[in-house]
Amino acid sequence: MNHVRADFPILDRKVNGKRLAYLDSAATTQKPIQVIEAVDDYYRRYNSNVHRGAHTLADEATVAYEGARAKVARFIGAAADELVFTRGTTSSLNMVAYGWGLNRLSPGDRILLTVMEHHANIVPWQLIARHTGAELVYLELTDDYRVDLTNLDRVVDERIKIISMSGMSNVTGAIGSVAELVEVARQIGAVSIVDAAQSVPHLPTDVSTLGADLVAFSAHKMLGPTGIGALWGRREILEEMEPAEGGGEMISDVGLYESKWAPVPHKFEAGTPPIAQAIGFGAAVDYLDKVGMSELRKHEIEITQYALDRLAEVPDLKIVGPQDVAVRGGTVSFELGDVHPHDVATILDQEGVAVRAGHHCAKPLMRYLRVPATARASFYLYTVEEDIDQMVTGLYRARELFGLA
Amino acid sequence: MALEELYREVILDHYRNPRHKGRLPGAHFHAEGQNPSCGDEFSLDLAVEDGVIVQVATQGQGCSISQASGSMMADIIKGKTVDQVEEITTKFKLMMDIEEGENPVDPARPGAVLGDLEALQGVRKFPVRIKCADLPWATLADALEEAKAAQ
Ligand SMILES: Cc1ncc(COP(=O)(O)O)c(C=O)c1O
């Protein structure tokens with residue numbers, strides 16, 4: 001996989017005089033030249049609004065925008081007209097919460113989540129619960145950080161109308177229990193939603209066999225631009241779902257007092273969409289297709305195993321997440337003795353190593369695990385052993401500065 | 001080199017052995033602060049008699065910089081009047097570049113102006129960490145606001 005690095009210009013830069021070891025891909029990934037050029041090309045050659053103009057540029061822009069939709073859809077095994085472009089995972093999940101949850105939940109209904117969710121898959125449901133009188137219930141975790149599926153019957157019953165779950169934790173790296181929970185949802189007639197912000201970028205995903213009803217993800221976590229993401233939904237559900245926003249582009253007819261919606265997916269895309277970003281998103285999935293998602297997964301398993309092995313050598317270091325690479329992705333949270341994660345991050349940054357520190361937008365999970373904060377190193381197709389080695393060197397430096405001899 | 005200046009021994013000592021730690025039963029004033037972006041927390045109890053801070057207790061959770069800053073702050077404000085504490089706060093903010101102006105610290109006499117707190121000057125080279133050092137002081141400002149309102 002080393003050959004891909006040449007496509008990522010940013011990886012050549014120096015940080016604090018050191019080689020950059022970018023280990024923060026769970027926050028956002030770097031962009032290959034192919035994506036940067038696709039965005040650049042749109043602005044230079046055919047910048048125009050979509051679906052609106054009877055001129056050549058508008059036509060080219062529309063073709064590219066809809067072409068990007070088809071690419072992203074194909075990337076997850078979906079049909080193009082079931083794929084809605086959104087601002088990202090957060091807006092996809094809010095769109096479902098407001099467009100589906102708000103109209104269908106009543107007092108006493110339940111929404112089932114897991115304690116390992118990102119705030120983006122908790123807070124929208126809290127808002128909807130407040131509006132509708134529905135209740136939130138949570139699945140807990142096993143000792144190895146996976147969703148605990150024992151005693152499911154204690155929580156699961158017909159009151160549950162929505163199950164929304166993470167495909168992969170952005171803190172522990174644990175792969176979610178999507179197949180199992182989708183099956184639970186099917187049995188009780190609930191709608192199943194996957195927060196796939198961390199899973200679609202890292203695990204081969206085929207919605208035609210996944211069984212979930214709705215899947216949300218972000219372009220910027222899979223080589224694409226910020227400001228765009230997707231919501232895939234089963235056609236029947238998208239047909240039933242109300243648009244959360246109204247405006248141009250999403251209508252088929254507008255009267256003074258009432259309007260008719262455009263067909264799915266356009267009814268969810270009010271206003272001028274992020275066109276350049278969509279085109280960049282298309283280029284990103286082209287790139288991932290070329291590499292191959294199973295090759296990518298194989299690389300991430302190898303680099304994650306290497307990281308877990310190297311981190312195991314560092315005294316006082318505790319991994320917060322599964323040890324088995326088969327059930328986890330390349331997002332590795334850890335604690336280093338009494339050195340606070342922010343201090344770890346500052347020291348690593350001086351070594352050119354970019355990691356994130358804090359609660360990672362998953363405060364309920366942090367409280368559940370009783371860790372106030374972690375440092376987190378996260379990998380992608382361009383991560384190499386040298387990056388991990390550089391981090392480990394930095395961790396020894398942290399030990400030294402904090403007098404952990 | 002910058003890292004050695006950031007993680008001075010006195011800072012690590014306050015981080016690991018925070019002074020005046022705990023709650024103050026019967027405190028007159030209480031304030032809590034948080035940095036939502038990083039999750040650091042700091043809370044403060046003050047007992048004030050005749051305008052003098054007679055007792056201080058703090059609790060917190062977070063990085064070495066925020067917690068050491070809080071411990072040093074507790075040390076320096078105990079026994080001072082509210083007015084004196086406001087002066088100290090201003091000096092601290094000038095020293096840390098939080099407020100614009102001349103750094104009041106005298107390099108020829110280390111510790112003479114702000115005591116142990118002067119060790120925090122190394123943080124200025126790490127602008128993203130300045131908010132860590134400031135958390136306890138923002139919390140203190142809230143508590144003093146209450147104290148002044150009560151006067
Ligand atoms: C698991 C998970 N869900 C949701 C999000 C939110 O994604 P975005 O900020 O792109 O909307 C993220 C990333 O921050 C994430 O890691």
Side-chain angles (χ1 to χ4, degrees), chain A residues 15-18 24 27 118-119 122-123 170-171 316 320 333 335-376 393-405, chain B residues 1-19 21 32-43 58-72 96-97 119-139:
Chain A
V15 168
N16 296 315
K18 303 279 169 56
D24 197 17
H118 187 278
H119 295 166
I122 297 177
V123 184
N170 66 311
V171 178
D316 306 312
V320 181
S333 269
E335 297 176 290
L336 179 64
D338 74 347
V339 189
H340 193 276
H342 294 148
D343 295 314
V344 170
T346 294
I347 295 164
L348 290 180
D349 184 49
Q350 290 301 300
E351 296 289 322
V353 181
V355 299
R356 186 171 169 187
H359 53 64
H360 315 292
C361 301
K363 283 193 133 184
L365 174 61
M366 305 304 276
R367 283 200 193 100
Y368 178 81
L369 297 174
R370 298 205 169 92
V371 285
T374 68
R376 181 188 74 180
T393 304
L395 292 173
Y396 278 102
R397 177 103 171 93
R399 288 181 52 80
E400 181 192 307
L401 282 160
F402 273 72
L404 303 175
Chain B
M1 198 52 219
L3 279 175
E4 276 82 4
E5 273 172 48
L6 182 63
Y7 295 116
R8 301 266 295 272
E9 228 167 81
V10 56
I11 292 183
L12 297 182
D13 180 45
H14 277 274
Y15 169 53
R16 291 194 165 121
N17 311 295
R19 324 293 197 253
K21 196 177 162 70
E32 293 179 10
Q34 263 202 25
N35 273 339
S37 66
C38 61
D40 282 6
E41 294 168 5
F42 188 80
S43 74
T58 72
Q59 283 187 310
Q61 195 172 72
C63 67
S64 63
I65 305 302
S66 69
Q67 302 308 307
S69 178
S71 170
M72 294 170 174
M96 298 302 291
D97 277 346
L120 283 167
Q121 286 179 93
V123 181
R124 287 183 311 182
K125 292 220 179 77
F126 298 85
V128 294
R129 301 300 298 275
I130 289 175
K131 70 173 191 324
C132 306
D134 192 39
L135 172 66
W137 298 84
T139 314

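Side-chain atoms are counted along with the backbone in the values below, which use heavy atoms only and exclude waters and symmetry mates. All of these numbers come straight from a predicted model, not from anything done at the bench.
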Heavy-atom closest pair, residues Leu401(A) and Leu12(B): O-CD1, 3.2 Å

What part of Val339(A) gets closer than 4.5 Å to chain B, counting heavy atoms only: side chain, backbone, both or neither? backbone

Per-residue contacts, residues 61-70 of chain B versus chain A, heavy atoms under 4.5 Å: Gln61(B), Gly62(B), Cys63(B), Ser64(B), Ile65(B)

How about residues 351-367 of chain A versus chain B: which residues have heavy atoms under 4.5 Å apart? Gly358(A), His359(A), Lys363(A)

CD1 on Ile347(A) to CG on Leu6(B), rounded to 0.5 Å: 7.5 Å

Only heavy atoms, only distances under 4.5 angstrom. Which residues in residues 124-132 of chain B are near chain A? Phe126(B), Arg129(B)

So, Tyr15(B) side chain and Asp338(A) main chain: donor-acceptor pair closer than 3.5 Å or not? yes

Quick one: list whatever passes side chain to side chain contact (heavy atoms under 4.5 Å, CB included) with Thr139(B), sequence neighbours left out. Ala31(B), Phe42(B), Leu44(B), Leu135(B)

